[in-house]
There are 2 protein chains.
Amino acid sequence: MSTSRKSVADERSGYHHGNLREALLEHGLALLEEKGESQFSLRELARRVGVTANAVYRHFSSKDVLLMGLAAEGMRQFTASQASAWGVTRGNVAEKFLASGCAYVRFARNNPALFRLMFGRFIVEHRSEELEHESRQAFAGLTTAVAATLGVPEDSGDISGAVNAAWAVVHGFSHLILDGQIHGSDEELDATVASALGHWLVSN
Amino acid sequence: MSTSRKSVADERSGYHHGNLREALLEHGLALLEEKGESQFSLRELARRVGVTANAVYRHFSSKDVLLMGLAAEGMRQFTASQASAWGVTRGNVAEKFLASGCAYVRFARNNPALFRLMFGRFIVEHRSEELEHESRQAFAGLTTAVAATLGVPEDSGDISGAVNAAWAVVHGFSHLILDGQIHGSDEELDATVASALGHWLVSN
DNA sequence: TCTCGATGTTGACATTGTGTACATTCGCTC
DNA sequence: GAGCGAATGTACACAATGTCAACATCGAGA
């Protein structure tokens, strides 16, 4: 995984790229983390993929739409990582729940710019079908997790307060860590998050 | 306050503006909320203030430094609002604490772009003396509040975990609300935040 | 094989951040 | 006051960016 093997999206066979959209998303994610959203340049991305700037417009109607595509792609990876943390963890629901919370924060740490993009102004301003869908998926997963952890039916009326609070904890930790307000190794931060979520558990 | 009375920073008496720095900060905050960070343009700000783009460079050595100035200004307003919420609230420390938490979230709601700027990549990347100072002030206030609320000395070793958790809750709610993931009126959101912080209180 | 739709390219334009050189004004010393 | 230096604005220029319109090239189906 550490060898920079060329991915499928990379080969080009002449005038036509063949996989431009995938290549743009793939290199786009890399460029995003490298430069940050504010320095993310459509033209530079095109250069890296080996294509003219305007070629991008065949697949994304504007830079913002491109960024939304990246956000949606990020959402997919995010929900996958959440589901994985839940499924992989051995133990009772409470342990699975804590593991999911830690995975949430770890995702943010590993993809700072992407995380900020996913949960940034984009979700507010341009709500694309695609992103909306992915976003709903993530929230549904969270609700399921909380319901299972608390041993309450999912459609229980007042569960949303508990969901929001738990979400706020992991989301807040994620942002504070990204912003450099809280420091520590992966393990230390896992412990911090787990401790806070533990307190949340016993009081609900 | 609702009449658009010209502020001190606005009058210009000829070639020299007289108050360019203040005017830039003042209109800068407005422009920031209006356009969002990504669409914030140094040239447009200069235009609004009635000055050439390069005049800005006499007071801020780059656009980023300008934005840092705005963030620092925001931090000042933020710490003031926090202190005010704490001081104004009648009742015991717990009530003051809850009020501060709600004020935190309200500040975010009232200044979305500024909030994101203040607690965004800037604090990580360019740590200016000024911003660092304001940031420390805010954190110190929070620690004091938590210590007073829990009835523990401020230098108590393991208080930092509690501080971080409380911070994460209000910070997380703030971001979730800004990102449109949680909706509601000011009052509803106050109730949500207070409820979550209440749970935090009883488990600490 | 011809054609048409999909995909890339060229050239152009307005806007942006910023560097360099010049103009204007304020405040201090004589 | 007169004059000078520092502070503050302006004029001009440049490269980079997002985006538009017109053109080129390819691949698949008639």
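Note that this is a predicted model, so its numbers are computed, not measured. In the text below, chain A, chain B and the rest are named by the order of the sequence lines, each starting its count at 1.
Residues meeting the ring-ring contact (aromatic ring centres under 6.0 Å, His included) test with B/Phe115, sequence neighbours left out: B/Phe119, B/His171, B/His175. A/Ser195 pairs by the side chain to side chain contact (heavy atoms under 4.5 Å, CB included) definition with A/His199, not counting sequence neighbours. A/Gln77 pairs by the side chain to side chain contact (heavy atoms under 4.5 Å, CB included) definition with A/Leu29, A/Glu73, A/Phe107, not counting sequence neighbours. B/Phe60 is linked by a ring-ring contact (aromatic ring centres under 6.0 Å, His included) to nothing, counting only residues two or more places apart in sequence or in another chain. Considering only residues two or more places apart in sequence or on other chains, A/Ala147 meets the side chain to side chain contact (heavy atoms under 4.5 Å, CB included) condition with A/Glu154, A/Ile159. With sequence neighbours excluded, the residues forming a side chain to side chain contact (heavy atoms under 4.5 Å, CB included) with B/Asn54 are B/Tyr57, listed by chain and number.
Atom CG of A/Leu45 is separated from atom C1' of D/dT17 by 14 Å (rounded to the nearest Å). Protein atom CZ of A/Phe40 is 8 Å distant from nucleotide atom P of D/dG18, rounded to whole Å. In this structure, B/Arg43 places its CZ atom 13 Å from P of D/dT10, rounding to the nearest Å. One interatomic measurement links the two molecules: CZ of A/Arg21 to P of C/dA6, which rounds to 15 Å at whole-angstrom precision. The distance between atom CG of A/Leu24 and atom P of D/dG18, rounded to the nearest whole Å, is 13 Å.
The stretch residues 29-39 of chain A has no heavy atom under 4.0 Å from DNA chain D, so no residue of it qualifies as close. Shown for residues 57-67 of chain B: residues whose heavy atoms fall under 4.0 angstrom of DNA chain D, namely B/Arg58, B/His59.
At distances below 3.5 Å, at least one donor-acceptor pair connects side-chain atoms of A/Thr149 with backbone N or O atoms of A/Ala145.
For B/Gln39, the CD atom counts as loosely surrounded, since its 6.0 Å shell holds 12 or fewer non-hydrogen atoms of other residues, nucleotides or ligands.
Screening residues 159-181 of chain A for salt bridge (Lys or Arg N to Asp or Glu O under 4.0 Å) gives A/Arg116-A/Asp179 as the qualifying pairs, with residues at least two apart or on separate chains.
For the OP1/OP2 pair of C/dG17 and a distance below 4.0 Å, the side-chain nitrogens and oxygens of B/Ser41 include at least one atom meeting the criterion.
In the set D/dG9, D/dG18, C/dT18, D/dG9 carries the atom at the smallest distance from any side-chain atom of B/Ala55. Counting only heavy atoms from C-beta on, B/Asn54 has its side chain closest to D/dA11 among D/dA11, D/dC20, C/dT9.
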